[in-house]
Amino acid sequence: MAVETPPRRRVRRRVAAAADDGGGEVDDDGLSVLPDELLLVILGRLDTRTALAAAALSRRLDRLAREIPALEFSVRDVLPPRYHACRRAIRGVADCVSAFMEPRVAVAPRRAKRLRLEFFAARSTGFVEDLIAMAVGAWGVGDLDITVVKPALVEQGPCYTFCFPDHRLSAESLRSRVRSLAVSNCFLPPPSELRHYAALAKLVLQDTHPRTPLAFYRQVLDACPRLRALHLRRCGAPWYAALVVDGMPELRELVVDGCGFHTVDLRAAPALERVACVDGPVALAFGGAPRLARLSLTYELDDRLVLVRNWRLFGLLGDAPAMAELLVRFTGEPKWMTSGPLRSPLPGLRRLVVADMPSNWDVSWPRVILEAAPCLEVLHIHVQEEEEDDAGTTAAAAAEIPWPPAESARHERLAELAVVGFAETRGQVGFVRHVVEACVALRRVVLVRRGRVVVGGEGRYWDWKLVAAEAAAPREGEVGRWRRRRRAPDGGGGVERGGEDGDTEPGEERVEA
């Protein structure tokens with residue numbers, strides 16, 4: 001006769017804890033002994049789905065999960081990529097968001113600072129509007145990031161769009177809570193309504209319609225005069241359009257990434273400190289930016305930019321006397337390098353970083369900027385590693401730039417030169433020799449054979465670090481680490497290599513720019 005055994009019950013282990021008040025018991029799970037502050041940090045580092053799932057483990061975690069500062073709901077997290085073109089993905093996000101917003105009895109109110117939504121546009125997106133209204137009105141969210149994802153496979157049927165639910169934030173008190181707004185592939189509120197967002201300090205426009213009229217951007221800037229950061233990414237504009245930044249006294253950061261503007265004219269931006277341009281525009285005017293300190297330029301120079309759009313280096317660096325730091329990443333065809341010197345000097349430039357220079361370019365082209373910046377103190381250059389297929393064509397592709405003798409290009413302030421990706425080619429060796437001979441204040445030269453450029457997250461436009469994999473061994477008779485002799489009383493000078501007398505420091509493994 002079979003005997004039924006009762007189901008086994010999970011018994012939670014408890015351990016005695018010696019306390020000052022006479023003892024007690026705590027759960028031996030590794031989390032219960034942690035303070036609330038540390039648990040909140042752990043939950044904040046998890047994605048939203050994992051953090052909300054962890055809230056089901058205990059009442060304490062459920063209470064702490066309601067204090068997570070940043071929430072993110074993405075269609076990519078609900079279903080695998082093969083379902084991203086199906087309505088099932090939209091329903092999954094809608095069900096997840098609706099369950100998240102269901103009211104619960106006897107729970108602490110939720111508090112959050114940032115909300116990021118990523119979804120497909122559909123016939124009914126009421127759950128998105130409800131979530132935005134609840135986040136701003138009940139949770140205190142002030143940072144909104146809304147992205148409408150384009151499906152991988154476009155199904156047959158109508159194409160839906162999404163408009164920012166400004167009508168759900170009609171109260172003046174709700175609009176004044178929004179401090180940062182980022183919209184991608186969706187429509188903004190009318191410029192007349194944007195005027196009511198008095199606290200808006202950062203605006204990000206991304207993937208606007210290719211035929212967006214230039215007047216729309218002008219109206220948006222007029223409606224938000226108190227912006228401190230403006231990012232325009234892949235924004236459509238008419239050909240040869242000029243973006244005029246005028247009447248923005250608090251603007252400190254401007255990013256123009258992959259937009260169709262031909263010219264960016266900074267007429268009145270007295271507080272502007274940082275500007276970043278990626279693949280456009282062709283020309284910059286800094287007449288109204290006296291406090292500009294950092295400029296980042298990333299361009300892939302193909303035949304369209306060089307020939308059709310008449311791209312020239314002096315068009316981007318012509319009138320920025322206050323700029324102290326310049327970061328450039330130029331790739332593509334090297335035809336532009338013979339465009340001639342800059343039209344005006346750069347008296348305020350102190351630091352120059354050149355990243356990802358193609359190996360078939362003439363490495364000496366930064367002399368154009370060096371000769372125009374009499375106060376330059378730091379020059380860092382990163383050369384891309386040469387491909388095996390291009391090894392035989394590098395010498396033929398690199399058009400050497402004719403330069404005047406070194407005696408006519410003396411530099412009094414440059415103190416540091418670093419070249420990451422130094423392959424000891426004739427052009428590289430000649431450039432280093434020129435810098436050593438022409439720069440009388442040079443104290444430090446680092447040549448590294450292999451390395452890369454590390455770009456930061458939020459600061460990817462300005463946070464660049466040159467990381468060296470290994471040091472390049474000096475070759476006898478060529479260049480390694482150099483030091484300058486004291487100048488003779490008669491004004492003569494010279495250059496020496498560090499020898500075996502201990503004057504030279506060992507090669508460095510890491511260079512940060």
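Everything quoted here is computed from the prediction, not taken from an experiment.
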*Asks:* With side-chain contact (heavy atoms from CB on, under 4.5 Å) as the test, would you mind laying out the steps for Leu327 and Leu297 before giving the verdict?
*Replies:* CA-CA 6 Å; Leu327 312 174; Leu297 303 175; over 6 Å; no
*Asks:* When you compare the side chain of Leu188 with that of Leu181, does any pair of heavy atoms fall below 4.5 Å?
*Replies:*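 When only atoms from C-beta onward are counted, Leu188 and Leu181 do touch, with a gap below 4.5 Å.
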*Asks:* Taking all heavy atoms of Val420 and all of Val467, pick out the closest pair and write down the distance.
*Replies:*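 Smallest heavy-atom distance, with atoms named: CG1-O, 4.3 Å.
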*Asks:* Side-chain contact test, heavy atoms from C-beta onward, threshold under 4.5 Å: evaluate it for Leu221 versus Gln219 and give yes or no.
*Replies:*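 With C-beta onward as the side chain, the pair stays apart.
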*Asks:* State, with a plain yes or no, whether a side-chain heavy atom of Val255 is found less than 4.5 Å away from one of Leu232.
*Replies:*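 They are not in contact (no side-chain heavy atoms under 4.5 Å apart), so the answer is no.
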*Asks:* Taking all atoms of both residues into account, what is the closest heavy-atom pair of Leu376 and Leu370, and its distance?
*Replies:*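 Here Leu376 and Leu370 meet closest at CD2-CD1, 3.6 Å.
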*Asks:* Scan Thr298, Val455, Val278 and name whichever one has a side chain to side chain contact (heavy atoms under 4.5 Å, CB included) with Tyr461.
*Replies:*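 Running side chain to side chain contact (heavy atoms under 4.5 Å, CB included) over Thr298, Val455, Val278 with Tyr461 returns exactly one hit, Val278.
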*Asks:* What distance separates Arg329 CZ from Glu300 CD, expressed to the nearest 0.5 Å?
*Replies:*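 Answer for the CZ-CD pair, Arg329 versus Glu300, is 12.0 Å.
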*Asks:* I'd like to check Val136 versus Leu144 (side-chain heavy atoms, cut-off strictly below 4.5 Å). Are they in contact?
*Replies:*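 Val136 vs Leu144: side chains touch.
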*Asks:* Contact between Arg63 and Asp36 at the side-chain level, heavy atoms closer than 4.5 Å - yes or no?
*Replies:*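 The answer is yes, as the side chains (C-beta and beyond) meet within the 4.5 Å cut-off.
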*Asks:* Would you call Arg175 and Glu193 a salt bridge, taking side-chain N to carboxylate O under 4.0 Å as the test?
*Replies:*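 The answer is yes: the pair qualifies as a salt bridge.
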*Asks:* Leu272 and Leu266: which non-hydrogen atoms are nearest, and at how many Å?
*Replies:*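 Taking Leu272 first and Leu266 second, the nearest heavy atoms are CD2-CD1, 3.5 Å.
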*Asks:* What is the minimum heavy-atom distance between Leu292 and Glu273, and which atoms define it?
*Replies:*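 In terms of heavy atoms, the two residues are closest at CD1-O, 3.6 Å.
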*Asks:* Below 4.0 angstrom, N of the basic side chain to O of the carboxylate: do Asp246 and Arg267 qualify?
*Replies:*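 Between Arg267 and Asp246 there is no salt bridge, as every charged N stays at least 4.0 Å from the carboxylate O atoms.
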*Asks:* Under 4.0 Å between a side-chain nitrogen and a carboxylate oxygen: does that hold for Glu416 and Arg444?
*Replies:*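 Counted as a salt bridge, because a side-chain N and a carboxylate O are separated by less than 4.0 Å.
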*Asks:* Could you report the tightest heavy-atom contact between Leu61 and Ala54, atom names first, then the distance?
*Replies:*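 Between these two residues, the closest heavy atoms are CD1-O, 3.4 Å.
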*Asks:* Is there side-chain contact between Leu254 and Val256, with heavy atoms separated by less than 4.5 Å?
*Replies:*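 Counting from C-beta outward, Leu254 and Val256 do come under 4.5 Å.
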*Asks:* Between Thr208 and Gly236, is there a donor-acceptor pair closer than 3.5 Å when you use the side chain of the first and the backbone of the second?
*Replies:*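 Yes, Thr208 side chain to Gly236 backbone: donor-acceptor pair under 3.5 Å.
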*Asks:* Taking all non-hydrogen atoms of both residues, which atom of Leu214 and which atom of Ala242 are closest, and how far apart?
*Replies:*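 Looking at all heavy atoms of both residues, the closest pair is CD2-O, 3.4 Å.
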*Asks:* Salt bridge check, Asp143 against Arg116: does any charged N sit closer than 4.0 Å to a carboxylate O?
*Replies:*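 Result for this pair is no, no salt bridge flagged.
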*Asks:* Check each of Lys202, Arg274, Arg228 against Glu253 using the salt bridge (charged side-chain N to carboxylate O under 4.0 Å, His left out) test, and report the only one that passes.
*Replies:*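 Option passing the salt bridge (charged side-chain N to carboxylate O under 4.0 Å, His left out) with Glu253: Arg274.
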*Asks:* Are Phe162 and Phe119 an aromatic pair by the rule of ring centers under 6.0 Å?
*Replies:*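 Yes.
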*Asks:* I'd like to know if Arg218 pairs up with Asp222 as an ion pair, taking the criterion as any Lys NZ or Arg NE/NH1/NH2 lying under 4.0 Å from an Asp or Glu carboxylate oxygen.
*Replies:*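 Yes, this pair counts.
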*Asks:* Just checking, is any N or O donor in the side chain of Thr331 or Tyr299 under 3.5 Å from an acceptor N or O on the other one?
*Replies:*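 Note: Thr331 and Tyr299 side chains miss the donor-acceptor criterion.
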*Asks:* I'd like to know if Asp257 and Arg234 make a salt bridge, using a cut-off of under 4.0 Å between side-chain N and carboxylate O.
*Replies:*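 Salt bridge flag = no for Arg234 with Asp257.
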*Asks:* Applying the side-chain hydrogen bond (donor to acceptor under 3.5 Å, both in side chains) criterion to Asp356, which one of His382, Arg452, Gln384 satisfies it?
*Replies:*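 Exactly one pass, corresponding to His382.
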*Asks:* About how many Å separate CG of Leu40 and CG of Leu34, when rounded to the nearest 0.5 Å?
*Replies:*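 Result: 12.5 Å between the selected atoms.
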*Asks:* Using ring centroids (six-membered ring only for Trp), state whether Trp361 and Phe330 fall under 6.0 Å.
*Replies:*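 Ring-ring flag for Phe330/Trp361: false, centres at least 6.0 Å apart.
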